[in-house]
Amino acid sequence: MTTLTTTPTDLYPSRGATEVRVPRKDPVVWGSPDTPGPIQAAELEGFERDGFLTVDQIITPAEVQVYQRELDRLVGDPAIRADERSIVEPQSGEIRSVFEVHRLSELFANLVHDERVVGRARQILGSDVYVHQSRINVKPGFGASGFYWHSDFETWHAEDGLPHMRTVSVSIALTENYDTNGGLMIMPGSHKTYLGCAGATPKDNYKKSLQMQDAGTPSDEALTELASEHGIRLFTGAAGSATWFDCNCMHGSGDNITPFPRSNVFIVFNSVENTAVEPFAAPVRRPEFIGARDFTPVR
């Protein structure tokens with residue numbers, strides 16, 4: 001007997017000849033209002049409206065110190081630096097990000113399983129979840145480069161094969177986030193419009209895009225329109241604070257030219273009901289340390 005497999009319908013086309021705008025076809029909050037968890041009903045309403053949720057203290061000051069020491073240990077380890085999961089700054093050669101950090105560090109693995117963290121992900125996505133991606137981001141002072149405007153879902157759909165917008169990210173600050181040291185910026189409400197970027201995806205695009213975004217970058221005209229419609233919110237906060245944001249938020253961050261470092265741990269949770277298929281607009285899959293193919297639920 002021949003078994004036929006079907007490719008999921010591509011609801012969000014991208015990487016074609018022209019840029020396209022498509023209204024969101026998926027829910028924002030997948031859980032019901034009475035789904036148990038640490039997020040209050042009013043906060044879920046704000047997440048639905050704006051695409052993000054802030055938490056003043058998701059981990060304690062004592063825990064921040066533990067995680068900061070672990071970040072420093074990883075960044076200072078020559079074996080980690082030599083690992084393909086470490087991404088370095090193109091100019092300075094300093095480590096910019098370390099991916100799959102929950103597999104490299106027992107401490108960060110414990111953070112992924114912490115109910116203060118994964119409980120909120122389950123509540124937003126309305127199901128069990130797995131880790132699609134994790135990393136630590138390091139922005140030392142005096143010249144660490146930023147991340148240009150983008151929608152994560154555009155990349156995860158085109159290059160990793162996530163079919164639906166059922167993915168949420170959390171950025172947990174391990175240093176103070178000032179309004180001057182390259183903090184996260186989001187266009188509130190932009191998560192309800194999908195922007196399909198123009199231009200084909202080069203093979204092994206990730207090797208370049210993790211240092212500097214090229215493929216999957218919106219046009220200046222589209223960014224101007226979105227910013228005019230939604231405005232831009234800059235996130236500040238103490239170490240231990242967190243920002244949750246929807247996978248389709250248009251976001252980015254600036255360079256850090258201050259003396260004050262900005263470091264965070266970044267965890268992406270995807271619904272176990274939205275597992276990755278083949279990429280929708282890329283010749284090959286990205287490596288599993290960037291886009292996981294292990295869909296084991298976080299318990």
Side-chain angles (χ1 to χ4, degrees), residues 24-64 66-67 100-103 105-135 152-153 156 162-174 177 184 186 188-192 233 235 237-249 251 264-276 291-299:
R24 184 187 186 111
K25 296 177 171 60
D26 292 308
V28 177
V29 175
W30 292 74
S32 64
D34 57 354
T35 301
I39 306 177
Q40 301 301 309
E43 295 174 318
L44 278 175
E45 290 175 5
F47 188 89
E48 167 76 32
R49 180 187 65 246
D50 298 325
F52 58 79
L53 166 69
T54 59
V55 180
D56 289 339
Q57 185 183 82
I58 200 167
I59 56 176
T60 67
E63 290 172 309
V64 167
V66 172
Y67 288 119
E100 212 171 41
V101 70
H102 70 295
R103 297 192 183 277
S105 163
E106 183 178 351
L107 280 171
F108 284 115
N110 291 339
L111 183 62
V112 164
H113 290 265
D114 192 313
E115 278 300 314
R116 293 171 295 181
V117 177
V118 69
R120 285 179 165 88
R122 293 192 194 104
Q123 201 173 356
I124 292 169
L125 300 181
S127 70
D128 279 333
V129 298
Y130 71 92
V131 177
H132 177 69
Q133 184 186 105
S134 74
R135 66 180 187 260
D152 286 329
F153 179 76
W156 297 338
L162 296 191
H164 295 281
M165 295 179 183
R166 198 170 181 179
T167 315
V168 67
S169 301
V170 60
S171 173
I172 302 175
L174 299 180
N177 281 250
L184 173 68
I186 294 178
S190 60
H191 62 303
K192 295 190 176 180
R233 168 83 179 269
F235 293 85
S241 62
T243 303
W244 289 86
F245 58 101
D246 179 82
C247 59
N248 192 46
C249 283
H251 67 287
N264 70 301
V265 55
F266 183 80
I267 306 166
V268 180
F269 293 101
N270 188 39
S271 169
V272 296
E273 299 172 9
N274 187 44
T275 54
R293 295 281 163 169
D294 178 353
F295 310 131
T296 304
V298 176
R299 301 295 190 189

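Note that these values count all heavy atoms, side chains included, but never hydrogens, waters or copies made by symmetry. It should be emphasised that the depicted structure is a prediction, and the values quoted were computed from it without experimental measurement. When a residue number appears, it is its place in the shown sequence, counting from 1.
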| note | With sequence neighbours left out, the residues meeting salt bridge (Lys or Arg N to Asp or Glu O under 4.0 Å) with Arg24 are Asp246
| request: Carefully, step by step, assess Thr167 and Asp152 under the rule side-chain contact (heavy atoms from CB on, under 4.5 Å). | output: CA-CA 10 Å; Thr167 315; Asp152 286 329; over 6 Å; no
Show me the donor-acceptor pairs, under 3.5 Å and distance only, between side chains in residues 26-53 and residues at least two apart or in other chains.
{"residue": "Asp26", "atom": "OD1", "partner": "His164", "partner atom": "ND1", "Å": "3.0"}
{"residue": "Asp26", "atom": "OD2", "partner": "Tyr12", "partner atom": "OH", "Å": "2.8"}
{"residue": "Asp26", "atom": "OD2", "partner": "Met165", "partner atom": "N", "Å": "3.0"}
{"residue": "Trp30", "atom": "NE1", "partner": "Pro27", "partner atom": "O", "Å": "3.3"}
{"residue": "Trp30", "atom": "NE1", "partner": "Met165", "partner atom": "O", "Å": "3.3"}
{"residue": "Ser32", "atom": "OG", "partner": "Asp34", "partner atom": "OD1", "Å": "2.5"}
{"residue": "Ser32", "atom": "OG", "partner": "Thr35", "partner atom": "OG1", "Å": "3.0"}
{"residue": "Thr35", "atom": "OG1", "partner": "Ser32", "partner atom": "N", "Å": "2.9"}
{"residue": "Thr35", "atom": "OG1", "partner": "Ser32", "partner atom": "O", "Å": "2.9"}
{"residue": "Glu43", "atom": "OE1", "partner": "Gln40", "partner atom": "N", "Å": "2.8"}

| query | Nearest 0.5 Å, what's the CG-CG distance between Asn177 and Asn264? | reply | 7.5 Å
| remark: Separation between CD (Gln57) and OG (Ser241), nearest 0.5 Å, reads 9.0 Å
Minimum heavy-atom separation for [X] to [Y], with atom names?
X	Y	answer
Cys247	Trp156	CB-CZ3, 3.8 Å
Thr275	Pro163	O-CD, 3.5 Å
Tyr67	Leu174	CB-CD2, 3.8 Å
Gly126	Arg166	O-NH2, 3.4 Å
Phe266	Ser171	CD1-CB, 4.2 Å
Leu125	Ser271	CD1-N, 3.8 Å

| said: I need the full list of salt bridge (charged side-chain N to carboxylate O under 4.0 Å, His left out) pairs touching residues 107-124, with sequence neighbours left out, sorted by first then second residue. | reply: Glu63-Arg116, Asp114-Arg116, Glu115-Arg122, Arg122-Asp128
| query | Where the side chain of Ser127 meets the backbone of Glu273, is there a donor-acceptor pair that is under 3.5 Å apart? | reply | no
| field | Heavy-atom donor-acceptor pair, His113 side chain to Arg299 backbone, under 3.5 Å | value | yes
| task | Output all residues satisfying side chain to side chain contact (heavy atoms under 4.5 Å, CB included) with Ala276, sequence neighbours left out; order by chain, then residue number. | result | Leu162, Arg293, Phe295
| remark: By side chain to side chain contact (heavy atoms under 4.5 Å, CB included), Asp294 pairs with (sequence neighbours left out) Arg103, Thr296
| When Trp244 is tested against each of Ile267, Val170, Ile172 for side chain to side chain contact (heavy atoms under 4.5 Å, CB included), which residue passes? | Val170
| request: Please list, chain by chain and in numerical order, all residues satisfying ring-ring contact (aromatic ring centres under 6.0 Å, His included) with His251, sequence neighbours excluded. | output: His150, Phe245
